[in-house]
Amino acid sequence: MQKLAIQGGIPLRGEVRISGAKNAALPIMCASLLTADALRLTNLPDLHDVGTMRKLLQQMGVAADAATGEITFRGDKVDNWEAPYDMVKTMRAAILVLGPLVARFGDAKVSLPGGCAIGSRPVDLHIKGLQAMGAEIAIEHGYIHAKAKRLKGARIFFDIVSVTGTENLMMAAALADGVTVLENAAREPEVVDLANCLRAMGARITGDGTDTITITGVEKLHGATHRIMPDRIESGTFLVAAAATGGSITLRETRADILETVLEKLAEAGAQIKVAGDTIHLEMSGRPKAVNVRTAPHPAFPTDMQAQFMALNCIADGSAMVVETIFENRFMHVQELRRLGAQIDVEGNTSVVRGVGHMEGATVMATDLRASACLVIAGLVAQGETVIDRIYHLDRGYEHIESKLSQLGANIRRIK
Ligand code: UD1
C-alpha cells in the first residue's frame with residue numbers, strides 16, 4: 001500500500017493550476033448514457049474515481065476515447081444496464097448511472113452502496129424520486145432494480161438536500177414525459193455544471209443553482225462538448241495548506257465565486273486574499289487565528305472542507321468549534337490529528353479545537369478522501385516527518401497531489 005512522507009515546516013510558495021472538479025466530472029460522465037451521440041468532456045481530472053467511472057460506463061457499452069485531459073463518450077451501443085457491487089462499493093457516485101439508464105432504456109440495476117466510512121449515506125431519496133416519476137423499483141439481492149416504460153414528470157420534494165440525488169433525478173427528468181419540479185434541491189455549483197452540460201445536449205432545465213429546479217422532458221438528447229468546471233475543494237485545500245504553513249500561493253484556472261464561504265473563513269483566519277480573473281492569491285503572515293466552522297448545504301460552508309479547516313485550527317491562535325451537520329461520522333481525522341499533538345475534544349457532531357504552538361510528525365492513517373487532505377495539511381505544518389498511510393483515498397480525488405505540492409516547495413514524496 002502506498003504512503004506519503006512529508007517533512008513539515010516549509011511555507012508553501014508559488015503557483016498551481018487547479019484541476020477539473022471530481023464532483024462535476026462524475027455526474028457529467030453519466031450524462032453520456034442519455035444520448036447515442038458523442039459527448040466530449042474536456043478539463044477532466046486524472047483521478048482514480050474518473051478512471052473507475054470510465055470503466056463502469058465502458059462495461060455498459062459506452063465507447064470512451066481518451067486524449068490528454070479529455071474523453072469522448074459515445075452511448076450508441078449500450079447493452080448492459082447494470083452497475084455491479086464491486087464498482088459501487090469503491091465509488092458511491094456510481095449510483096449516478098441509475099437515473100440516466102432508467103430514463104433512456106427503461107431498465108437499470110445498480111448495487112446498493114452500503115455503508116461508508118463517513119456515515120450510513122442511504123440512497124432512499126434517489127429511489128423515492130424515481131418512483132414518483134413512475135419507475136417500478138425492487139430491491140433484490142443487494143441491488144436496486146428500476147423499470148419504467150417512460151418516466152413521467154413529477155413534483156418531487158427532497159426531505160434532505162442531496163447533491164447526487166438532485167443530479168440523478170435531473171438527468172432522469174431530462175428524458176421524462178412532461179415537467180418535473182425538484183424542490184429543496186441541492187444548489188451546489190456542480191449541479192449547475194451538470195445542468196449546463198445537459199442544456200448543451202438539448203435538455204430544458206431552469207432554476208439550477210436555486211432550491212427549485214424545473215425540467216421539461218424532451219424525447220431525445222444530442223451530443224455536445226462541455227468543459228468541466230474547476231474543483232472548488234481542491235482550490236480550498238491548497239489555500240488552507242498555504243494559510244496553515246504561513247505561505248503565499250496563487251491558484252490558476254479556478255473560480256472565486258464558488259468558494260465564497262471558504263474565502264471568508266480564510267480571511268477571518270488572517271489571510272490576505274486577492275482575486276483577479278480566474279486566479280486567487282493568498283498570503284498569510286504569522287499564525288492563523290482559530291475560526292469556527294459549521295457545515296451545511298451550499299451556499300453554506302462545505303462538508304468537504306471541514307477536515308482541512310480542522311487541521312488549520314489545530315495550530316491556530318485560540319480555540320474553535322467545528323460542527324458537522326451533513327454526515328454523522330466525519331471526525332475520523334481527529335484521532336489521527338491527536339497523534340501529531342493536536343488538542344481536540346469531540347461531543348456528537350461538534351469538535352472543539354484548541355490551537356497548539358506546534359505539532360510534531362508521526363505516522364497517521366487516512367480514513368477517507370477529505371480526511372486524507374487534512375492529514376497532508378497537518379503534515380506540512382508539523383515539525384519533522386509525517387508518514388500518511390492508505391493514501392489511495394487521496395488519489396480518488398486529488399490530481400497529482402504530491403507533484404503539485406512539490407511545485408509549491410513542499411518536501412513530500414510517495415513511498416511505493
Ligand atoms: C456529494 C458529494 C460529496 C459531498 C456531499 C455533501 C459527489 C460525488 N459527492 O455526496 O463529496 O460530501 O455531496 O456535500 O458529488 N441522504 C439521505 N438519503 C439519500 C441521499 C442522501 O439521507 O437518498 C443524506 C446523506 O446521508 C447525507 C445528506 O443526505 O447525510 C447529504 O448527502 P448527499 O448530498 O446526497 O451526498 P452525496 O451526493 O452522496
Side-chain angles (χ1 to χ4, degrees), residues 23-35 39 49 52-62 73 75 78-116 120-154 156 158-177 180 182 185-186 190-191 194-195 197-198 201 203 205 213 215 217 221:
N23 286 355
L26 298 176
I28 291 172
M29 287 169 79
C30 294
S32 66
L33 288 167
L34 289 166
T35 174
L39 178 64
D49 273 7
T52 307
M53 186 62 91
R54 180 182 175 205
K55 206 157 112 194
L56 174 63
L57 293 168
Q58 283 174 319
Q59 277 183 12
M60 293 177 167
V62 177
F73 297 90
V78 177
D79 56 1
N80 169 16
W81 306 317
E82 182 172 326
Y85 177 67
D86 280 353
M87 292 269 178
V88 185
K89 89 171 176 218
T90 57
M91 186 190 58
R92 289 180 43 85
I95 188 75
L96 285 161
V97 300
L98 181 64
L101 283 175
V102 71
R104 179 155 162 237
F105 303 103
D107 203 327
K109 225 177 138 185
V110 178
S111 169
L112 279 166
C116 85
S120 69
R121 297 181 83 175
V123 288
D124 55 311
L125 300 169
H126 303 236
I127 294 173
K128 278 187 200 147
L130 289 173
Q131 282 171 329
M133 294 171 81
E136 279 185 27
I137 297 192
I139 307 290
E140 306 161 332
H141 307 293
Y143 279 76
I144 306 164
H145 193 171
K147 281 184 168 217
K149 269 220 166 72
R150 185 174 179 199
L151 293 174
K152 292 184 182 54
I156 296 164
F158 286 91
D159 294 332
I160 301 173
V161 178
S162 167
V163 178
T164 48
T166 301
E167 292 165 343
N168 228 341
L169 298 184
M170 191 160 78
M171 287 191 277
L175 284 183
D177 182 18
T180 298
L182 304 179
E190 293 76 16
V191 173
L194 171 63
C197 176
L198 292 172
M201 295 167 70
I205 301 173
I213 304 177
I215 306 113
L221 292 176

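Here the closest heavy-atom approach between residue Leu56 and residue Glu82 is recorded as CD1-O, 4.3 Å. Across all their heavy atoms, Lys147 and Asp107 have their closest contact at CE-OD2, 3.7 Å. Nearest approach of Phe105 to Leu33, heavy atoms of both residues: CE1-O, 3.9 Å. Shortest non-hydrogen contact noted between Cys197 and Leu39 is SG-CD1, 3.9 Å. For Ser111 against Pro84, the heavy-atom pair with the smallest separation is CB-C, 3.9 Å. Considering all non-hydrogen atoms of both residues, Ala173 and Met133 come closest at CA-CE, 3.5 Å.
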Trace of the side chain to side chain contact (heavy atoms under 4.5 Å, CB included) decision for Leu101 with Met60: CA-CA 10 Å; Leu101 283 175; Met60 293 177 167; 3.8 Å; yes
Stepwise, does the side chain to side chain contact (heavy atoms under 4.5 Å, CB included) test hold for Leu198 with Leu34? CA-CA 9 Å; Leu198 292 172; Leu34 289 166; 3.7 Å; yes
Step by step, would you call Ser162 with His126 a side chain to side chain contact (heavy atoms under 4.5 Å, CB included)? CA-CA 9 Å; Ser162 167; His126 303 236; 4.0 Å; yes
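Rounded to the nearest 0.5 angstrom, Asp124 CG and Leu112 CG are separated by 10.5 Å. Atom CE in Met171 sits 9.5 Å away from atom CE in Met201 (nearest 0.5 Å). Within the model, atoms CG of Leu57 and CE of Met87 stand 9.5 Å from one another, a figure rounded to the nearest 0.5 Å. A distance of 3.5 Å separates CG of Leu194 from CE of Met170, quoted to the nearest 0.5 Å. With values rounded to the nearest 0.5 angstrom, Ile137 atom CD1 is found 11.5 Å from Lys128 atom NZ. The CG atom of Asn23 lies 9.0 Å from the OG1 atom of Thr164; values are rounded to the nearest 0.5 Å.
No side-chain heavy atom of Leu26 sits under 4.5 Å from any side-chain heavy atom of Glu190. Side-chain contact between Val88 and Ile95: absent, with no pair of heavy atoms (C-beta onward) separated by less than 4.5 Å. Side-chain contact between Pro100 and Asn168: present, with at least one pair of heavy atoms (C-beta onward) separated by less than 4.5 Å. Side chains of Leu98 and Val123 form no contact here, defined as non-hydrogen atoms less than 4.5 Å apart.
Checking side-chain atoms of Arg150 against main-chain N and O of Ala103 turns up no donor-acceptor pair under 3.5 Å. Proximity of a side-chain donor or acceptor of Thr35 to a complementary backbone N or O of Leu221 within less than 3.5 Å is detected. Under a 3.5 Å cut-off, the side chain of Arg92 and the backbone N or O of Pro113 do not form any donor-acceptor pair. With hydrogens and angles disregarded, no donor-acceptor distance shorter than 3.5 Å links the side chain of Asp49 to the backbone of Met91. With Tyr85 contributing its side chain and Tyr143 its backbone, the two residues share no donor-acceptor pair below 3.5 Å. At distances below 3.5 Å, at least one donor-acceptor pair connects side-chain atoms of Thr166 with backbone N or O atoms of Ala186. Arg54 places no side-chain N or O within donor-acceptor distance of the main-chain N or O of Met29, the cut-off being under 3.5 Å.
Within a 6.0 Å radius of CD in Glu136, no more than 12 heavy atoms belonging to other residues, nucleotides or ligands are found. Around NZ of Lys89, the count of heavy atoms belonging to other residues, nucleotides or ligands within 6.0 Å exceeds 12.
The only option from Leu125, Ile156, Leu151, Ile144 that meets the side chain to side chain contact (heavy atoms under 4.5 Å, CB included) definition with Leu130 turns out to be Leu151.
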